[in-house]
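Shown next, in structure tokens, is the structure this report addresses.
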Amino acid sequence: MSDRVVLAYSGGLDTSVAISWIAKETGSEVVAVAIDLGQGGEDMNVVRQRALDCGAVEAIVVDARDEFADEYCLPTIQANALYMGQYPLVSAISRPLIVKHLVEAAKFHNATTVSHGCTGKGNDQVRFEVGIGALAPDLNVIAPVRDYAWTREKAIAFAEENNLPINVTKKSPFSIDQNVWGRAVETGFLEDLWNAPTKDVYDYTADPTVNFEAPDEVIITFDKGVPVAIDGCQVTVLQAIEEMNTRAGRQGVGRLDMVEDRLVGIKSREIYEAPGAIALITAHQALENVTLERELGRYKRQVEQRWGELAYDGLWYSPLKRALDAFVTDTQEHVTGEIRMVLHGGSAVVNGRRSEQSLYDFNLATYDEGDTFDQSLAKGFVQIHGLSSKVAARRDLNQK
């Protein structure tokens with residue numbers, strides 16, 4: 001049997017051409033692996049057949065929707081992970097799951113090499129190859145688009161010369177990546193930072209003004225940091241994301257237009273749609289504000305930023321990421337309760353919280369009758385708290 005190469009297969013032009021190209025250039029058989037992450041679009045059986053028609057000796061379709069939701073989206077919710085304070089890691093958290101299945105397929109098919117269709121300018125090449133190195137350091141990697149300067153024109157020419165069954169007549173002006181967690185759009189006229197996104201950029205979200213007269217109020221229930229019910233109806237994590245994608249998306253929630261710092265050192269303009277992700281993270285943050293002790297909450301916010309950077313930078317399987325995962329998991333012990341929010345005009349606004357694990361004490365917080373906070377203790381507390389600053393200020397004044 002010939003050596004085998006396992007290819008991360010999307011069904012698009014580049015990876016379809018890569019099947020035949022890898023076989024011709026390396027003499028290896030190609031096993032195509034397509035992952036269903038809830039991205040929609042073409043039927044996955046059609047995608048599988050296209051891989052076979054392009055020359056793959058085997059084509060595997062993995063339904064990883066629940067796995068993606070439970071093991072990748074949920075940790076992102078619990079970490080309140082927003083890269084640069086905005087981006088909920090739509091593409092970043094999907095790559096380690098794809099890598100996991102590529103490595104499993106390589107082991108099963110006795111392959112020595114894996115391949116992907118990433119360019120040399122983006123983050124995904126790092127996420128794929130660093131992830132593969134962490135899970136299977138002995139595997140080799142082929143990246144035709146990056147390593148052999150593939151362009152769309154070259155790919156089309158190769159497909160035509162080799163009679164590959166690929167429809168290349170329709171070209172989107174954008175580069176799009178999507179899954180159940182959200183949608184990422186770049187390139188085309190968006191590369192001019194002054195150009196505003198047009199309505200054809202969006203698909204997961206409606207114009208925020210369309211349903212402006214009909215706001216949607218929703219109650220999300222969490223159990224130890226896991227969304228378990230929407231308006232009292234039990235849901236899986238996947239169902240929670242899908243439900244909030246629909247409802248928050250209808251209100252235009254989750255549209256992001258940002259210039260982000262890529263790992264390779266360049267800035268890139270990205271348009272994201274992540275209605276379910278933004279709504280669920282917003283609700284989770286609000287519940288943590290009620291249930292986490294102050295110092296734990298402060299420290300967790302520092303961890304959240306680093307967690308998001310590690311995920312973005314392709315270090316999902318790194319020792320530090322695993323250690324931070326353990327910390328985040330421990331913080332969720334008391335994150336149980338309900339959050340009420342209004343989805344309206346592109347925003348998800350929390351307007352109600354209740355939890356049996358709440359640290360909010362009405363009698364301590366109230367300024368009305370029944371106040372149990374002993375204000376007589378405050379004077380000494382303030383004096384001691386500010387003492388070091390006061391001493392330093394005296395010194396500085398004396399030296400002027």
Side-chain angles (χ1 to χ4, degrees), residues 38-41 69 73 76-77 80-82 84-90 172-174 176-186 188-190 193-222 227-259 269-290 337-355 360:
Q39 60 265 38
C73 300
T76 305
I77 295 170
N80 300 319
L82 298 169
M84 296 179 68
Q86 299 180 70
Y87 169 47
L89 304 166
V90 168
S172 169
F174 311 115
I176 300 172
D177 180 57
Q178 63 189 46
N179 56 54
V180 74
W181 192 235
R183 186 168 178 267
V185 185
E186 62 178 0
F189 72 85
L190 296 173
L193 300 183
W194 194 247
N195 287 340
T198 52
K199 63 181 180 180
D200 60 326
V201 170
Y202 300 105
D203 184 58
Y204 282 16
T205 56
D207 184 328
T209 64
V210 170
N211 293 300
F212 197 79
E213 301 303 320
D216 184 6
E217 188 172 82
V218 60
I219 296 175
I220 303 174
T221 304
F222 290 87
V228 294
I230 305 291
D231 286 337
C233 297
Q234 289 190 338
V235 291
T236 64
V237 177
L238 177 61
Q239 289 169 339
I241 297 168
E242 291 174 332
E243 174 74 6
M244 296 312 298
N245 273 342
T246 298
R247 294 176 64 171
R250 191 183 298 132
Q251 299 290 333
V253 173
R255 289 187 173 188
L256 306 170
D257 181 345
M258 63 183 289
V259 175
R269 201 262 188 98
E270 308 283 342
I271 304 296
Y272 295 110
E273 296 180 280
I278 294 300
L280 288 167
I281 289 175
T282 300
H284 181 263
Q285 286 175 320
L287 187 56
E288 282 196 336
N289 289 342
V290 172
E338 294 179 319
I339 294 296
R340 188 180 64 231
M341 60 167 46
V342 175
L343 310 170
H344 180 233
S347 297
V349 179
V350 173
N351 68 359
R353 313 141 178 90
R354 60 186 177 193
S355 170
Y360 177 84

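This one's a predicted model, so the numbers in the text were calculated from it and none came from an experiment.
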So, Arg183 side chain and Tyr204 main chain: donor-acceptor pair closer than 3.5 Å or not?
no

Apply side chain to side chain contact (heavy atoms under 4.5 Å, CB included) to residues Lys199 and Asp207 and explain how you reach the verdict.
CA-CA 8 Å; Lys199 63 181 180 180; Asp207 184 328; over 6 Å; no

How long is the straight-line distance from OG1 of Thr246 back to CD of Gln251, given to the nearest 0.5 Å?
12.0 Å

Check whether any side-chain heavy atom of Ile230 sits under 4.5 Å from a side-chain heavy atom of Met244, and report yes or no.
yes

Take Leu82 and Ile278 through the side chain to side chain contact (heavy atoms under 4.5 Å, CB included) test and state the conclusion after the steps.
CA-CA 9 Å; Leu82 298 169; Ile278 294 300; 4.2 Å; yes

So, does Asn179 use its side chain to make a donor-acceptor pair with the main chain of Gly182 at under 3.5 Å?
yes

Test item: Gln178 side-chain N/O and Gln39 main-chain N/O as donor-acceptor pair under 3.5 Å:
yes

Verify, without hydrogens or angle tests, whether Asp216 (side chain) and Leu343 (backbone) share a donor-acceptor contact under 3.5 angstrom.
no

What distance separates Asp177 CG from Glu186 CD, expressed to the nearest 0.5 Å?
9.0 Å

Taking every heavy atom of Pro215 against every heavy atom of Val342, the minimum-distance pair comes out as CB-CG1, 4.0 Å

Taking the inter-plane angle between the rings of His344 and Phe212 on a 0 to 90° scale, is it parallel (under 30°), tilted (30 to 60°) or perpendicular (over 60°)?
tilted

Please give me the minimum heavy-atom distance between Leu256 and Pro88, naming the atom from each residue.
CD1-CD, 3.7 Å

Arg353 to Tyr360, cation-pi by 6.0 Å centre distance and 45° axis angle:
no

Less than 4.5 Å apart, side chain to side chain, heavy atoms only: is that true for Phe189 and Val201?
yes

In terms of heavy-atom contacts, Pro227 and Ile77 come closest through CG-CD1, 4.5 Å

Is it true that a side-chain atom of Arg255 and a backbone atom of Ile271 form a donor plus acceptor pair closer than 3.5 Å?
no

Just so I know, are the side chains of Val235 and Ile241 near enough to count as touching, which here means a heavy-atom distance under 4.5 Å?
no

Could you grab the distance from atom CG of Asp231 to atom CZ of Arg247, nearest 0.5 Å is fine?
4.5 Å

Reported CD-to-CD1 distance for the pair Glu243 and Ile220, which is rounded to 0.5 angstrom:
9.5 Å

What closest approach, in Å, do Leu190 and Pro197 show between heavy atoms, and which atom pair accounts for it?
CD2-CA, 4.2 Å

To the nearest 0.5 Å, atom CD of Glu270 lies from atom CE of Met84 at 11.0 Å

Minimal non-hydrogen separation, Gly337 against Ser355, with atom names:
CA-CB, 4.0 Å

To the nearest 0.5 Å, what is the distance between CG (Asn80) and CG (Leu280)?
11.0 Å

What are the two closest non-hydrogen atoms of Gly252 and Thr205, and how far apart are they?
CA-CB, 4.2 Å

